[in-house]
Protein chains: 2
Amino acid sequence: MQENYYNIPVEATLEVIGGKWKVLILCHLKNQKMRFSELQRSIPQITKKMLTQQLRELENDGIINRYVYQQVPPKVEYSLSNTGESLRKVLDIMCAWGEKRITNQLVTSKE
Amino acid sequence: MQENYYNIPVEATLEVIGGKWKVLILCHLKNQKMRFSELQRSIPQITKKMLTQQLRELENDGIINRYVYQQVPPKVEYSLSNTGESLRKVLDIMCAWGEKRITNQLVTSKE
DNA sequence: TATCCTAGTAACTAATAAGTAACCTAATTA
DNA sequence: TAATTAGGTTACTTATTAGTTACTAGGATA
């Protein structure tokens, strides 16, 4: 959090999980720890550069942990941190809404 | 929804509420209907152009209703549609997380 | 008659986000 | 010896977002 003033609190949420990729990454990490390459395969459209960048930001914001195995070729595992765990409900409910929308289970009648 | 295939369902959610402004707009609309100018005042950083654009997209996605009063100067009110209402839980929980983050009520210990 | 009002739109520019391709490390395998 | 491996970084280009300024309608107010 670089600024400490927000017009409304939800801006703090958006600062952490906003953008094109972070929710996607976190949805993958919420059920298992994953290696860099596994994340890349799971999110086919993302480039290495963006994945690296987004992972770094999530790490800096304290949402994920990065564990480097001291071996060659490298092995790095990413997982939700405890703070990241606190986002689980947010992620779950966003996932659930998407599923309902896709399977047409949302109310669509006029108000 | 222009594409009907997603790698994971949450992409459908991001398609609708992704981007810099939509969650903000919806958080304001979730408790009351609001006029264009009221939204603009509530989100000081947003320009007319972006506000118009985001509102149109939300309307096209069936998330909000737009009601035009037939008078001059114009009066237009925006409100959540029934489909939009189904996002309430998502919005509430995002707002709540932001509040907790700001007031430091999140777990921050190392995993 | 001139100005104000709200909710926009249009044309153009600037800023930011994202993509591409080449490169790096050092142990292991062919 | 040469290639392969995973997880990156760097420099550069392109695409997408967002900002700026000017303009509109048409009734109400000064």
Side-chain angles (χ1 to χ4, degrees), chain A residues 1-3 6-7 11 13-26 28-29 32-61 63-81, chain B residues 1-3 6-7 11 14-26 28-29 32-61 63-80:
Chain A
M1 288 182 275
Q2 43 260 69
E3 354 171 350
Y6 303 97
N7 290 295
E11 289 176 29
T13 310
L14 294 172
E15 196 174 310
V16 172
I17 63 165
K20 196 172 169 183
W21 302 112
K22 287 180 183 168
V23 168
L24 241 50
I25 292 170
L26 293 172
H28 282 290
L29 288 180
Q32 72 247 220
K33 59 184 175 197
M34 289 176 82
R35 296 180 63 169
F36 185 89
S37 52
E38 291 176 319
L39 280 168
Q40 233 191 313
R41 270 193 296 283
S42 303
I43 312 173
Q45 309 87 343
I46 204 171
T47 59
K48 287 172 156 204
K49 184 189 139 184
M50 287 312 296
L51 184 54
T52 307
Q53 191 178 300
Q54 302 301 306
L55 288 169
R56 289 291 177 280
E57 290 180 16
L58 288 169
E59 197 193 351
N60 292 337
D61 285 336
I63 305 303
I64 61 173
N65 291 135
R66 178 169 183 266
Y67 183 73
V68 182
Y69 290 82
Q70 285 309 135
Q71 59 181 57
V72 170
K75 176 176 178 181
V76 179
E77 272 180 353
Y78 293 93
S79 56
L80 288 192
S81 69
Chain B
M1 288 181 274
Q2 43 260 68
E3 352 170 349
Y6 303 98
N7 289 295
E11 290 177 29
L14 295 172
E15 196 174 310
V16 172
I17 63 166
K20 196 172 168 182
W21 301 114
K22 287 180 182 168
V23 168
L24 241 51
I25 292 169
L26 293 172
H28 283 290
L29 288 181
Q32 74 248 217
K33 60 184 172 195
M34 290 177 83
R35 296 181 62 172
F36 184 89
S37 53
E38 291 175 319
L39 279 167
Q40 232 191 313
R41 270 193 297 282
S42 303
I43 311 173
Q45 310 86 341
I46 204 170
T47 59
K48 289 170 157 209
K49 184 188 141 185
M50 287 312 295
L51 183 53
T52 306
Q53 192 177 300
Q54 302 300 307
L55 288 169
R56 289 291 177 281
E57 290 180 13
L58 287 169
E59 198 193 350
N60 292 337
D61 285 337
I63 305 302
I64 60 174
N65 291 134
R66 178 171 182 265
Y67 183 72
V68 182
Y69 289 82
Q70 285 309 135
Q71 61 181 56
V72 171
K75 176 177 179 180
V76 179
E77 272 180 354
Y78 293 93
S79 56
L80 288 192

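Within every chain, numbering begins at 1; the chains are lettered A, B, ... in the order of the sequence lines, protein sequences first and strands thereafter. Owing to the predicted nature of the structure, the values given are computational and were not obtained by experimental measurement.
- Between the P atom of dA7(C) and the CZ atom of Arg66(B) lies a distance of 10 Å, rounded to the nearest Å.
- Defined by atom type and a distance below 3.5 Å, a donor-acceptor pair is present between the side-chain atoms of Tyr6(B) and Glu15(B).
- Among the heavy atoms of the strands, none lies under 4.0 Å from Tyr69(B).
- Nearer the 5' end of DNA chain D, as judged by each residue's closest nucleotide, is the contact made by Pro73(A), out of Pro73(A) and Ile46(B).
- Rounded to a whole Å, the CD atom of Gln45(B) is 18 Å from the P atom of dA15(C).
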Requested in this report: Apply the test side chain to side chain contact (heavy atoms under 4.5 Å, CB included) to residues Glu57(A) and Lys22(A): give CA-CA distance (whole Å), side-chain angles for both, the deciding distance (0.1 Å), then the verdict.
Outcome: CA-CA 9 Å; Glu57(A) 290 180 16; Lys22(A) 287 180 183 168; 2.6 Å; yes

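- Rounded to an integer number of Å, the gap from CG of Leu51(A) to C1' of dG7(D) is 10 Å.
- The phosphate of dA7(C) has OP1 or OP2 within less than 4.0 Å of a side-chain N or O from Ser37(B).
- OP1 and OP2 of dG7(D) both lie 4.0 Å or more from every side-chain N or O belonging to Tyr67(A).
- Remark on the helix from dT1(C)-dA30(D) to dA30(C)-dT1(D): inter-end axis angle 20°, axes from five-pair C1' superpositions, rounded to 10°.
- Residues Pro74(A) and Gln53(B) each lie close to DNA chain D; by heavy-atom proximity, the contact nearer the 5' end of the strand is made by Pro74(A).
- Mapping Trp21(A) and Val72(A) onto DNA chain C by nearest heavy atom places Trp21(A) at the nucleotide closer to the 5' end.
- Between Thr47(A) and dG19(C) there is a side-chain polar atom (N or O) within less than 4.0 angstrom of OP1 or OP2.
- Using a 4.0 Å heavy-atom cutoff across all strands shown, Lys48(A) reaches at least one base atom of the nucleic acid.
- Counting non-hydrogen atoms under 4.0 angstrom, Lys49(B) reaches a base of the nucleic acid.
- An OP1 or OP2 oxygen of dA7(C) is reached within less than 4.0 angstrom by a side-chain nitrogen or oxygen of Arg35(B).
- Picking from dG19(C), dG8(D), dA18(D) the nucleotide with the shortest atom distance to the side chain of Lys20(B) gives dA18(D).
- Counting to the nearest Å, the C1' atom of dG7(D) and the CD atom of Gln54(A) are 17 Å from each other.
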